[in-house]
Novice: 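There's a structure below that I have some questions on.
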Number of protein chains: 2
Amino acid sequence: MEIACFIEAADRHCQQQGVKLTALRRQVLELVLSYSGVVKAYQVLADLQKQRGIAAPPTVYRALDFLVAAGLLHKVDALNGYIVCHHVGCSHEGLILVCGDCGRVEELDATPVLDVLRQQAGGAGFAISQQNLMLTGRCEACRT
Amino acid sequence: MEIACFIEAADRHCQQQGVKLTALRRQVLELVLSYSGVVKAYQVLADLQKQRGIAAPPTVYRALDFLVAAGLLHKVDALNGYIVCHHVGCSHEGLILVCGDCGRVEELDATPVLDVLRQQAGGAGFAISQQNLMLTGRCEACRT
DNA sequence: TCTCAAATGTTACGGTATAACAAGGTGATT
DNA sequence: AATCACCTTGTTATACCGTAACATTTGAGA
């Protein structure tokens, strides 16, 4: 089962980082994993409420913030949503493509293009930190 | 005065595009211009209310949407804000650098790098829409 | 002038996110 | 074990962000 495998990797990752993947955080991670693409905080909240009876927004936002900080999720600002990071543990930077119609996500390697961007930003005096690039568009299926 | 100059350029730009920079839209553009960096919709709304007595959210959002569509402003998703486009007429896609320390914003031309990104995304079946790239980092002043 | 389409006004609501404080758990030290 | 400090989670309330839906006005062209 892919989810279990991911959770296991996430567990190891958190231990290495010296942070705790508590039961609640793991549960939220599982809920995000159960979707194939972008998930919204209030969707996770609704799911969480189904599973534990009651939950408030801060509960879910805190867990999501933790998971983003730990590098297990990415926040997709343009859609107010979250996606699973498919390169946990790898240090490479991702180019994340999000289909605005169906929410499908694809991750490519952004290293070459980020080299160019670093150079361009450097010319303006900016030192850009390690990060992912996110682009929205339409996937093949939604374009036809 | 820089603002008047920008407005004039915006006027010409809109005429060329066959769209109308109405009094309201011009007023909103002036309000955004009066800030040096990122502005939020509700800040503009408050300013607008000071100037005309009353205004509701849709009024300001419609004007902002128009100005973004016309290429006069960029939306900064990560900050729920808007900035003036400093490349009106040259390019409608910006590479927006935000200093995570002081909030300063710099805008470069993202067209070349987006060409590369479009090609890369196309290989994965994605047609990416017109958009801005936003990168966070530290500006020169904050690095010293 | 009349008509149609675009722009703006208005009301109401729904989605997104956080502040502030309370309560519970855990591990280290004594 | 008792205490303390710290992190995590619960809870309430509220602030912020954005849009749907419909009414009204405006303006350009027939």
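Quick caveat: nothing in here was measured; it's all calculated off a predicted structure. Each chain gets a letter, A, B and so on, in the order its sequence line appears, and its residues count up from 1.
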Novice: Under 3.5 Å, which protein N or O atoms sit close to an N or O of nucleotides 15-22 of chain D? Give each pair with its distance.
Specialist:
residue: dC17(D); atom: OP1; partner: Lys40(B); partner atom: NZ; Å: 2.8
residue: dG18(D); atom: OP1; partner: Lys75(B); partner atom: NZ; Å: 3.3
residue: dG18(D); atom: OP2; partner: Tyr61(B); partner atom: OH; Å: 3.1
residue: dG18(D); atom: N7; partner: Tyr42(B); partner atom: OH; Å: 2.9

Novice: Using atom types as modelled, flag every donor-acceptor pair under 3.5 Å from a side chain in residues 58-68 of chain B to any protein atom, sequence neighbours excluded.
Specialist:
none

Novice: Using the heavy-atom set of chain B and a strict 4.0 Å cut-off, write down the first and last nucleotide of DNA chain C that makes it in, 5' to 3'.
Specialist: dA7(C) to dT11(C)
Novice: Mind listing the residues from residues 20-37 of chain B sitting with a heavy atom below 4.0 Å of DNA chain C? Number order is fine.
Specialist: Thr22(B), Leu24(B), Arg25(B)
Novice: For the residue pair Val38(B) and Gln43(B), what are the closest heavy atoms and their distance?
Specialist: O-OE1, 4.3 Å
Novice: If you compare all heavy atoms of Asn80(B) against all heavy atoms of Lys75(B), which two are closest, and at what distance to 0.1 Å?
Specialist: CA-NZ, 4.1 Å
Novice: With rounding to the nearest 0.5 angstrom, report the CD1 to CG distance, Ile54(B) to Leu48(B).
Specialist: 11.0 Å
Novice: Which pairs with one or both residues in residues 111-131 of chain A pass salt bridge (Lys or Arg N to Asp or Glu O under 4.0 Å), sequence neighbours excluded?
Specialist: Glu93(A)-Arg118(A)
Novice: Rounded to the nearest 0.5 Å, how far does OG1 of Thr22(B) lie from CG of Leu29(B)?
Specialist: 10.5 Å
Novice: Would you compute the distance between atom CD1 of Ile96(B) and atom OG1 of Thr136(B) and round it to the nearest 0.5 angstrom?
Specialist: 12.5 Å
Novice: If you assign each of Ala55(A) and Phe66(A) to its closest nucleotide in DNA chain D, which residue comes earlier from the 5' end?
Specialist: Phe66(A)
Novice: Distance check, rounded to the nearest 0.5 Å: Leu21(A) atom CG versus Arg26(A) atom CZ?
Specialist: 5.0 Å
Novice: Can you tell me if Asp47(A) and Tyr35(A) form a side-chain donor-acceptor pair at under 3.5 Å?
Specialist: yes
Novice: Quick one: list whatever passes salt bridge (Lys or Arg N to Asp or Glu O under 4.0 Å) with Arg25(B), sequence neighbours left out.
Specialist: none
